[in-house]
Each structure stands twice: as structure tokens, then as C-alpha cells.
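Report on the following structure.
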Amino acid sequence: MSSNVYQPSADFVKNAHISGMPAYEALCQEAEADYQGYWGRLAKELITWKTPFTQVLDESNAPFFKWFEDGTLNASYNCLDRNVEKGLGDKTAIIFEADGGEVSQVTYSQLLAKTCQYANALKSLGIQKGDRVVIYISMSIDGVAAMQACARIGATHSVVFGGFSAQSLRDRIEDTGAVAVITADNQVRGGKLLPLKSIVDEAINLGGCDSIKNVLVVKRSGADIAMTAGRDVWMAELADSQATTCEPEWVGAEHPLFLLYTSGSTGKPKGVQHSTGGYLLHAALTTKWTFDLKADDVFWCTADIGWVTGHTYITYGPLALGGTEIVFEGVPTYPDAGRFWKMIQDHKVSIFYTAPTAIRSLIKAAEANDAVHPKSYNLSSLRLLGSVGEPINPAAWEWYYEHVGGSCCPIVDTFWQTETGGHMITPLPGVTPMVPGSCTLPFPGIQAAIVDETGKDMPNGQGGILVVKRPWPSMIRNIWGDPERFKKSYYPEDFKGKYYLAGDGAIRDEKTGYFTITGRIDDVLNVSGHRMGTMEIESALVSCTELVAEAAVVGRPDDTTGEAICAFVVLKRSLPNTEEGKAIAKQLRDHIAKEIGPIAKPKDIRFGENLPKTRSGKIMRRLLRSLAKGEAITQDTSTLENPHILGQLGQAY
Ligand code: 6R9
């Protein structure tokens, strides 16, 4: 955390939805004084209910909390119909820019019509409330409409990021028991045509996907793909003839809107289950307060809809407020590293939300080439910047502030997680003096705290474990099909099952009480803002049974990606020479790409005849972490069974 303090401009403060520190404090006090009253008031203000709720929070079966349980609503109605009813039918909902630069737009009326046709298409296949639908598609208006269509008929969607492999997709299909997959023929990224539909075929052929009755295919490239008769249907052929209206399925507030898989500290990714009412409330509320979204803003969240950020701040939050947003298919460096700046200029983006890893890689590119430096573009439309996914280092924060924001846009460094549904700790742009590297203060109503292993509050200035002391509306409801794991992961007995355990460490500033996240305290790595479980990567490595006897994975700091994956591998054969090492490392990376996806490929792979172990056979991970960083080993190695191994593990491939 830096010691520089940046104030929002007087003008920003004056016009902000939440204006000035006293307004923030008043909201915190309102929540403190009457927690349920506070959330109940906001739920009535931001959400249109079909039947109003009579109880805000039910804690009787903690930690399986229920919010607004007897209220009924529909998320897609709240995002689409009600905006049309408010007279926003002709307002642009989504400006889509394709990888190659082609731009198309949809208004709220058009997005509603498309969503209804998709919803009717799903219904025509017999898909109904409570069914799960997996969506495996790249960034597109169709992707957003597919999610909205599921919400409309009460089907629970589970979006799988288009970079995940067939094996990962299969695992998620099996775990959800989905009845259908919505995909596209291809995806286009960085000028390259990449497969989607054929990966769905591969996933289903791997077995365990008997629940799948249909695969709906959106046409993106028009390239030749195989269609399985009786199972596969072209979305357009089915949807185009459908009615453009579809009565929303009114669901209870606790109805699962979506499942989203995320890495945990054990091998298998967890299906994070979110609700409809509480989730949508926080999506809308945080979009309004943290992003200060107004009627004439052009909002751009660069995340993919395959991640939670894309769910909350593309598919649900901005649309629930009737905003105009950008959906971008491509990558930040294609055709060059000025792409983001050019798009901000072309579409007059006013609120821009991206990840530190993207900022860091664009800084490198801009410093090497003026043509892709933000100064070569007109970014004067910007009024607010955001950061998400990992800690932002002060140097990157300051560059973002100065060169992208022209030293006049507040930056909201938003800390949250797949499990939290929306922002938890973040500056409010018209309120909070900003300190680079700190996510500052809890969102009003969120009881974030730092405790020790026994749940005792830590004084400011001393780091500890980040917890949330009270349930909040958009919190994870369950791990799909595994309530025991839910309890163990998030409401452990260490805190008597009372506090939500975020899995991050944090520290509060002695004077300001500002939070700084110090990183995960479990075996989860954060690579380019993507959560990767070390055990997940280890299992993928040892599943390469012809080569690998044993593997351990740790993280090390990386200038661009935040953390980098380092794998320590014991081969079934003798230690390789350099040439062999290179070839085997490539083989292992390809294997991981197949098992999980290219995002999980280790940056470094090191080989040893064994791993450094204690006499009782435990892998000494702290030594591996030092080796990965290239540090001299200064730790006590007296308990090490096999110290000569350390020498072998020096070379990274
Ligand atoms: C939204 C999202 C969650 C993990 C989280 C933490 C890290 C996210 C951060 C941040 C520091 C921020 N994280 N935002 N760390 N400052 N502003 O990223 O969800 O993919 O589930 O990752 O990301 O470690 O626990 P998810």
C-alpha cells in the first residue's frame, strides 16, 4: 500500500449517487442499527417483486441463510422488461465489438425480444424451471441473451469459460446434471478461429454427460462443424420462429439463478450456487453505488461472462439499472495493445472496469511503443475506473490513474469473490479518499473484519484472516450438491461456524482502518486474476501417468500475471538432460491444457528425483516457494530427509 492519498474531485462528489463520507457513514449506521431494515429497504427500492417478501433474513438454518424467501421475482424481467416499461425500449443496452472490430448494438426492446425467443426455444425442448443449462460460449450478445433466457424460464445457468478444456467442461456438465449446453460453432480471439462446438462434442464423448439431451449452437463463424442428429440444433433455426414475448417464470427469491465453478484448496472445483433475489439486489446496488452508474454512462467491464465479474457486472448489474454497456469479444492486445484505449475512445466509454494483470501488460506495451500508449488516444469520456481480481500494485494504480484516467477519475479497487456475488470492500467513488493498493472500506452493510485463527478481532496494523461477520444478500448459498463442503469451506468450526471465511489474508491501516488484501491463505493461486487451485494442477500433472510420479505446485510473484504457477515434478524416468527437459515440459504443459485449460499451464517446470520432504514424508512447500522465487535457501533444512534434491530443482523449464 502506498502512502499517497488521492481525493475524488469536488465535482464528482457533488454528483455521485453516494456523495461524501457522511452519507457513507449514515448508510453504515443504518445497517448497524437495523440490519434487516436496511437490506429490506434496498431490496424494495432496487428490485421489482412479483410478490413482495414479508421476511428479510432467515437465520434459522445457519449457515444456510435465506434472504427475502417468500418474495417472488424474475431476474430477466428486472433486467429487461421493466426497463422497456420505463420507456427505455429504444435505449442501447449492449454495444458489441467483435474481435475483428465489427460493431453491433441492441436496444433494450431488441435484447428482450431475443431473450424471449431464446427462452421459448429452450422451452420448446422441454427445458423448464429447476433444470440446469451449461453455457459454453465466448463474449457475445448471444451469450448474455442465453443467460437471461435461462433466468427467464427459471433454469439455472452454469457458464463455463470458453478457455476451459473438454475435460473441465465434462466435469462441470456431470456435476450440474445439465439437460442442455448452449454453445457456438467457434470463437474468435486475437484473429484466430478457435473451436467451441467440437469441444462440447469431445466433452460429451468423454462420458458421464447422459443428462444432456440437447446442444444448442449459435452460429459465429459459419465454419463447418459436426451436428449430431436428434441432439444438436442450430439456435437460430429454433429461435427465429419463436414468439418475441415469453411470460417470465416467477421464482422464489432463493431459487438458484446460477452455478459457477471456482477453484478451491482441494482438487475438485466447487459449484458456487447463487440465489435470484439477494444476488440481483447486490448486483444492482453495487453497480449503482460503486460504479455510480447513471443514465448516460457507457459502462465497460472487460471481464468474460465465464467469470463471476462478467455475471454481475455485464449480464445482471448494469442491465438491472437500464445502463448502456460494452461487450467485447477479443483480447486487449489484438490487433495491438492500444485496443482498449481505442475502444474507450470510439465508444466514449465513461466507466471502465478491468484487471490489474491487463493494466500491467498494457503498461509494458505502452512504455515500449508510443502508438499504443493511452496518450495517443482521446480518453476524455472516462470519469471512473475500476480494478478487480487481484491486488493492484501501487505503481500500476498510479499509472492507471495518471495515463488512463487523466489524473481526474477515481479508481475503485473492488475486492470480492465468486462466492460473494458482488463487491465487498471497495472505495465509493464520491466518498472515499483513495490509497493505491488498498481496497479501502467495506461496502455499506458488509461486516468485513480481520480476526486471528480463533476468531478474535485483530487490532488495526496487524494482519490476520479476512472474514465477514454477518450474512449478506448476495452470498453463496451452497456448493452444488455438497452442503458439507460448503460448511467446511466457508463457515469452519475455527470461528464456531459464525463467520464467513473469505480465504484471503488482510490488514487494516492503523490510522485509516483501510483494508489491504495480502493474498490467499489457502492453496489457491491467483494467476492473471484467475483462481487456480494448486491441488487441481497437481492432480492434472499426476494424471499424466506415463510420465509423472509425483508433483507439487506453488506460486511465485510475477510482474505481469501477479502470480505464476511453478510445478515441481518427479518423473517416472531418470532426470532429463536440458533437451529432454524442454520436450517433457512441453508435453506436460500440453497435458495440463487438455486436462484443465491453457490458463493452468505452469510458467516454470522443474524436475527432481524426489521432492524435498520431511522425515515423516511431508512435502516442504515453503522450500519449494523459495526455490520458485530463486531465493537462496536460508530456512532450517535440518528436518529435510533428502537435502541433495534442492540442487536438482534449480533449473526451470
Ligand atoms: C471477483 C473475483 C477472488 C479472489 C479473492 C482475492 C482476489 C479479487 C481483489 C482481490 C485484492 C482485489 N481478489 N479482487 N485481491 N484486491 N480488488 O475476482 O472473483 O475469481 O472468485 O477471485 O481474487 O484473492 O479471494 P474470484
Side-chain angles (χ1 to χ4, degrees), residues 1 159 161 163-164 258-265 269-274 279 282-283 286-287 290 301-314 316-317 353-360 385-394 396-397 400 411-427 432 434-443 446 448 463 465-468 474-476 479 489-490 500-507 514-534 536 555 557 561-563 599-600:
M1 179 161 125
V159 184
F161 174 59
F164 277 119
F258 67 88
L259 309 177
L260 186 58
Y261 285 78
T262 191
S263 295
S265 40
K270 333 182 239 205
V272 172
Q273 178 183 327
H274 275 288
Y279 170 80
H282 206 55
T286 50
T287 305
T290 311
C301 164
T302 68
D304 193 283
I305 50 170
W307 307 114
V308 75
T309 306
H311 282 60
T312 306
Y313 300 109
I314 293 176
Y316 292 109
Y353 190 37
T354 196
T357 189
I359 298 166
R360 285 190 296 264
L385 303 174
S387 171
V388 61
E390 51 181 319
I392 179 164
N393 49 306
W397 193 104
Y400 193 31
I411 297 179
V412 288
D413 175 1
T414 59
F415 168 81
W416 61 295
Q417 310 175 293
T418 304
E419 294 88 340
T420 70
H423 302 153
M424 298 300 278
I425 308 178
T426 176
T432 322
M434 292 155 287
V435 173
S438 167
C439 52
T440 75
L441 297 170
F443 192 85
I446 300 298
I465 300 167
L466 181 65
V467 296
V468 187
S474 64
M475 66 188 296
I476 173 175
I479 291 176
S489 310
Y490 302 111
Y500 168 83
L501 176 70
D504 284 285
I507 183 166
Y514 277 13
F515 287 76
T516 292
I517 305 298
T518 49
R520 299 289 305 193
I521 53 173
D522 52 10
D523 295 320
V524 172
L525 306 183
N526 193 324
V527 183
S528 300
H530 300 323
R531 266 166 76 166
M532 306 291 336
T534 51
E536 205 180 329
T561 57
E563 268 186 301
I599 48 175

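Below, each value reflects all heavy atoms present in this structure, side chains not excepted, and no hydrogens, waters or symmetry copies. The first residue in the sequence is number 1, and the count goes up from there. Keep in mind that what you see is a predicted model, and the values were worked out from it rather than measured. Ligands are counted one by one from 1 in listed order, and the atoms in each one are counted from 1 as well.
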Distance from [atom] to nearest protein heavy atom, with residue and atom:
{"atom": "atom 9 (C) of ligand 1", "value": "Glu390 N, 3.5 Å"}
{"atom": "atom 25 (O) of ligand 1", "value": "Asp504 OD2, 2.4 Å"}
{"atom": "atom 11 (C) of ligand 1", "value": "Pro391 N, 3.2 Å"}

Can you tell me if Thr312 uses its side chain to pair, donor with acceptor, with the backbone of Ala283 under 3.5 Å?
->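 No: the side chain of Thr312 does not pair with the backbone of Ala283.
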State whether the side chain of Asp304 and the backbone N or O of Trp307 hold a donor-acceptor pair below 3.5 Å, judged by distance alone.
->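 No, the answer is negative, given that no donor and acceptor are paired below the 3.5 Å cut-off.
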Proximal atoms of ligand 1 relative to [X] (non-hydrogen, under 4.0 Å):
{"X": "Ile517", "result": "11 (C), 15 (N)"}
{"X": "Asn526", "result": "7 (C), 23 (O)"}
{"X": "Val388", "result": "1 (C)"}
{"X": "Thr414", "result": "9 (C), 12 (C), 14 (N), 17 (N)"}
{"X": "Thr309", "result": "1 (C)"}

I want to confirm something. Looking only at heavy atoms, which of [options] is nearest to [atom]?
{"atom": "atom 13 (N) of ligand 1", "options": "Gly529, Ala502, Gly389", "result": "Gly389"}
{"atom": "atom 19 (O) of ligand 1", "options": "Thr418, Asp413, Thr262", "result": "Thr418"}
{"atom": "atom 20 (O) of ligand 1", "options": "Glu563, Glu419, Met532, Arg531", "result": "Arg531"}

Heavy-atom contacts under 4.0 Å between [X] and ligand 1: side chain, backbone, both, or neither?
{"X": "His530", "value": "neither"}
{"X": "Ile392", "value": "neither"}
{"X": "Val524", "value": "neither"}

On the 0 to 90° scale, with breaks at 30° and 60°, tag the Phe258-Tyr279 ring pair as parallel, tilted or perpendicular.
-> perpendicular
Should Glu563 and Arg531 count as an ion pair when the cut-off is N to O under 4.0 Å?
->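 Not counted as a salt bridge, because no side-chain N and carboxylate O are separated by less than 4.0 Å.
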Would you please indicate if the ring centroids of Phe515 and Phe415 are separated by under 6.0 Å?
-> no
In Å, rounded to the nearest 0.5 Å, how long is the span from OG1 of Thr426 to CE of Met434?
->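 These two atoms lie 10.5 Å from each other.
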Say whether Cys439 and ligand 1 are in contact under the criterion: heavy-atom distance to a ligand atom below 4.0 Å.
->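 For ligand 1, residue contact (heavy atoms, under 4.0 Å) with Cys439 is absent.
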Answer with yes or no whether Trp416 contacts ligand 1, where contact means a heavy atom under 4.0 Å from a ligand atom.
-> yes
Side chains of [X] and [Y], heavy atoms from C-beta outward: is any pair under 4.5 Å?
{"X": "Phe443", "Y": "Thr290", "value": "yes"}
{"X": "Ile425", "Y": "Leu466", "value": "yes"}
{"X": "Gln273", "Y": "Ile479", "value": "no"}

State whether a side-chain donor-acceptor pair under 3.5 Å links Thr286 with Tyr313.
->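 Yes, a side-chain donor-acceptor pair sits under 3.5 Å.
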